[in-house]
Trainee: 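Before anything else, here's the structure in question.
Note: hydrogens, waters and symmetry copies are ignored here, and every other heavy atom, side chains too, is used. In this chain, residues are counted from 1 in sequence order.
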Amino acid sequence: MKRLFLLALGAVGCATRPPNVVFVLADDLGYGDLGAYGQKTVRTPNLDRLATEGMKFRQFYSGSTVCAPSRCVLMTGRHTGHCSVRSNSREATNHDLRPAESTIAEVMKKAGYATAAIGKWGLGEEGSPSLPTSRGFDRFYGYLNQVHAHNYYPAFLWRNGSKDLLHNEVVTIGKPTEGDHYVAERATKAVDWSPALMLSEAQRWIDEVKDRPFFLYLATILPHGGNGQVVPDLGPYANESWPEGDKSRAALVTRMDTQVGDLLRHLRARGLDRDTIVMFSGDNGPSGGKRFDPAGGLRGNKGTMYEGGIRVPLIVRWPGVVAAGSVSDHVGYFGDVMATLAEVAGVAPPKDVDSLSFVPALRGQAQAKHEYLYWEYYEGGSPQAVRFETWKAIRVPMHTGPVQLYDLASDPAESRDLAAEKPEVVARAVAHMQAAHTDDPRWKPRKGGGGE
């Protein structure tokens, strides 16, 4: 017993600080948009290299099929049957996190981490109690509102709770509708490109806090399509014989990749890359770029519950822990980031979450599995979906509609509905859907609509 105590004491005495964590979240990036995931046309050399230096997940899912609820799942570790934000909405208060929902930032902050959110928030508007700096982040710079984030040359960005005025001049597009907190806008004078400003802010913040553990949530707006000007130039695609929209989409993806490379080089130049976990993913399926097969052969895209709408890339580089060039078929989703980062930081995750740490998968060890993964969404016909074992079931509209059933092991493109042939599996799917859903008065199924 004495020897065990001394060994434990020695382990504590030799403990080093926990690793830094950088989580980069792309906006509307498809499963097939990266070279590491099969893309042949659009260039993503930095992220492809990240995959060769880390682990690539092939069966990882976003929190939802559109941005606001997906980010809510990521931040809270709760799936959309339990979390507060379950769809995009014109009502600003519908995007507020509930006080009882802990965020990843709050968990990391309790573990002694410096925390920053830079980019697109989408989970609390001006004047709300759900601003990033009220939910565990020491620093925020970027967009609070997802419609505001459609303009790459805005009149301002938010710095914590105040507006940081830029050199752009903008005009509104169309008329505001009842309940809109922001309306779409277009730059008439385009000077300050917001992704460049946000990357610089992230790099400056890293320099400020590099002597203590830090958690950076860099939620870039790339490669989301925008109104008016979106990218400073078309880069290597300027002379392609494609429509301008395709050139712009390709340029946005490559710009995103370049920024990730710049961030990695910044970490390396400061001697931080070996002590930093870098995670990269996308918030939902693609909304454009059909020329490039951005969904990677999967059915559907943003706004649908098919695989193309919710299966996303996940690349994790953790030097000394993750085997370089490794590939995982572990089935996980955004909600699992909560428990994973809590384990990395050495603290317990909140108890009321739908989250399993995938640290064992990162270490190449046996990994606990979810009984099922669940999604619901209140636009686009109000679908719900569940993934369990190799089965995927979709119900439109939720609760009452017919159930579609697919075997992803043999049919990842979801081309053959097996519901009529497998009633016993359909019954299991419906039982999971019923168990996962809790009512929320803010969210009622409705017809039509799409995602921002």
Side-chain angles (χ1 to χ4, degrees), residues 59-89 91 94-104 122-123 130 283-285 300 302-307 309-312 331-339 349-356 368-389 391-406 425-447 449 451:
Q59 297 194 71
F60 196 79
Y61 292 88
S62 63
S64 182
T65 188
V66 293
C67 63
S70 192
R71 292 156 198 267
C72 181
V73 172
L74 177 65
M75 280 292 111
T76 67
R78 298 179 175 185
H79 62 59
T80 45
H82 294 155
C83 70
S84 56
V85 183
R86 305 188 186 186
S87 196
N88 287 345
S89 173
E91 296 297 331
N94 283 1
H95 288 172
D96 288 351
L97 299 175
R98 287 192 294 262
E101 290 175 303
S102 297
T103 69
I104 292 174
L123 298 175
S130 189
D283 65 346
N284 46 247
K302 177 182 181 178
T304 75
M305 284 297 182
Y306 295 109
E307 292 291 283
I310 56 175
R311 192 185 292 201
V312 292
V331 179
Y333 84 123
F334 272 14
D336 293 337
V337 176
M338 169 68 84
K351 294 181 179 179
D352 53 347
V353 293
D354 310 298
S355 189
L356 285 177
K369 299 178 181 179
H370 286 277
E371 181 180 8
Y372 58 82
L373 299 179
Y374 176 76
W375 302 264
E376 60 185 49
Y377 172 52
Y378 290 80
E379 297 177 82
S382 297
Q384 62 187 156
V386 64
R387 164 83 196 259
F388 57 104
E389 299 165 5
W391 300 107
K392 168 83 171 294
I394 301 172
R395 194 173 199 177
V396 187
M398 66 178 71
H399 311 316
T400 61
V403 175
Q404 304 168 44
L405 181 69
Y406 304 97
V425 181
V426 170
R428 291 173 61 198
V430 169
H432 290 324
M433 290 176 179
Q434 291 173 338
H437 170 80
T438 56
D439 288 335
D440 187 314
R442 293 182 294 182
W443 305 109
K444 299 296 181 183
R446 63 191 181 94
K447 296 179 180 179

Trainee: Which heavy atom of Thr76 sits nearest a heavy atom of Val353, and at what distance?
Mentor: O-CG1, 3.4 Å

Trainee: Any chance you could lay out the side chain to side chain contact (heavy atoms under 4.5 Å, CB included) test for Met433 and Met398, step after step, and finish with the verdict?
Mentor: CA-CA 9 Å; Met433 290 176 179; Met398 66 178 71; over 6 Å; no

Trainee: Once rounded to the nearest 0.5 Å, what's the spacing between atom NE2 of His432 and atom NE2 of His370?
Mentor: 13.0 Å

Trainee: Using modelled atom types only, decide if a donor and an acceptor are shared between the side chain of Ser70 and the backbone of Asp283 within a distance under 3.5 Å.
Mentor: yes

Trainee: How long is the straight-line distance from CG of Leu123 back to OG of Ser130, given to the nearest 0.5 Å?
Mentor: 6.0 Å

Trainee: State, yes or no, whether a side-chain contact exists between Ser382 and Tyr377 at a heavy-atom distance under 4.5 Å.
Mentor: no

Trainee: Just how far is it from atom CG of Asp336 to atom CG of Leu373, taken to the nearest 0.5 Å?
Mentor: 7.0 Å

Trainee: Check the pair Met305 / Val396 against side chain to side chain contact (heavy atoms under 4.5 Å, CB included), numbers first and verdict last.
Mentor: CA-CA 10 Å; Met305 284 297 182; Val396 187; over 6 Å; no

Trainee: Angle between ring planes, Phe334 versus Phe60, binned at 30° and 60°: parallel, tilted or perpendicular?
Mentor: tilted

Trainee: So do the side chains of Cys83 and Pro69 get within less than 4.5 Å of each other, counting heavy atoms only?
Mentor: no

Trainee: Ignoring hydrogens, what is the shortest heavy-atom contact between Met338 and Gly77? Give both atom names and the distance.
Mentor: CB-CA, 3.9 Å

Trainee: Taking all non-hydrogen atoms of both residues into account, name the closest pair between Gly303 and Thr65 and its distance.
Mentor: N-OG1, 2.8 Å

Trainee: Can you name the nearest heavy-atom pair linking Leu74 to Ile104, along with the distance?
Mentor: O-CD1, 3.0 Å

Trainee: Could you tell me whether the side chain of Ser355 reaches within less than 4.5 Å of the side chain of Pro349, counting heavy atoms only?
Mentor: no

Trainee: Who are the salt bridge (charged side-chain N to carboxylate O under 4.0 Å, His left out) partners of Arg78, not counting sequence neighbours?
Mentor: Glu101, Asp352

Trainee: Would you please test Cys72 and Leu97 for side chain to side chain contact (heavy atoms under 4.5 Å, CB included) and show each step?
Mentor: CA-CA 8 Å; Cys72 181; Leu97 299 175; 3.7 Å; yes

Trainee: Centres of the Tyr61 and Trp375 rings: under 6.0 Å?
Mentor: yes

Trainee: I need the Lys444 NZ to Asp439 CG distance, nearest 0.5 Å.
Mentor: 5.5 Å

Trainee: Testing the basics here: between Ser64 and Asn284, what is the closest heavy-atom pair and its distance to 0.1 Å?
Mentor: O-CB, 3.6 Å

Trainee: So Arg442 and Glu91, do their side chains get closer than 4.5 Å, heavy atoms only?
Mentor: no

Trainee: List in chain and number order the residues that pass ring pair (Phe, Tyr, Trp, His ring centres under 6.0 Å) with His79, two or more places apart in sequence or in another chain; answer none if no residue qualifies.
Mentor: His82, Tyr374

Trainee: Given side chains that start at C-beta, do those of Thr304 and Pro383 come closer than 4.5 Å, heavy atoms only?
Mentor: no

Trainee: Taking Thr103 for its side chain and Met75 for its backbone only, find out whether a donor-acceptor pair lies under 3.5 Å.
Mentor: no

Trainee: Would you sort out whether Trp443 and Ser89 count as a side chain to side chain contact (heavy atoms under 4.5 Å, CB included), showing the intermediate values?
Mentor: CA-CA 10 Å; Trp443 305 109; Ser89 173; 3.9 Å; yes

Trainee: Answer yes or no: is there a side-chain heavy-atom contact under 4.5 Å between Asp354 and Tyr333?
Mentor: yes

Trainee: Output yes when a side-chain donor or acceptor of Arg395 lies under 3.5 Å from a complementary backbone atom of Gln384, and no otherwise.
Mentor: no

Trainee: Can any side-chain N or O of Arg387 pair as donor or acceptor with the backbone N or O of Glu389 at less than 3.5 Å?
Mentor: yes

Trainee: For Val73 and Gly335, which heavy atoms make the closest approach, and how far apart are they?
Mentor: CG1-N, 3.6 Å

Trainee: Please tell me if the side chains of Val425 and Phe388 come closer than 4.5 Å, counting only heavy atoms from C-beta onward.
Mentor: yes

Trainee: When rounded to the nearest 0.5 angstrom, what is the spacing between CD1 in Ile394 and CD1 in Ile310?
Mentor: 7.0 Å

Trainee: Would you check if Arg86 and His437 make a side-chain contact, meaning some heavy-atom pair closer than 4.5 Å?
Mentor: yes

Trainee: Which residues satisfy the side chain to side chain donor-acceptor pair (under 3.5 Å) test with Ser87, sequence neighbours excluded?
Mentor: Glu379

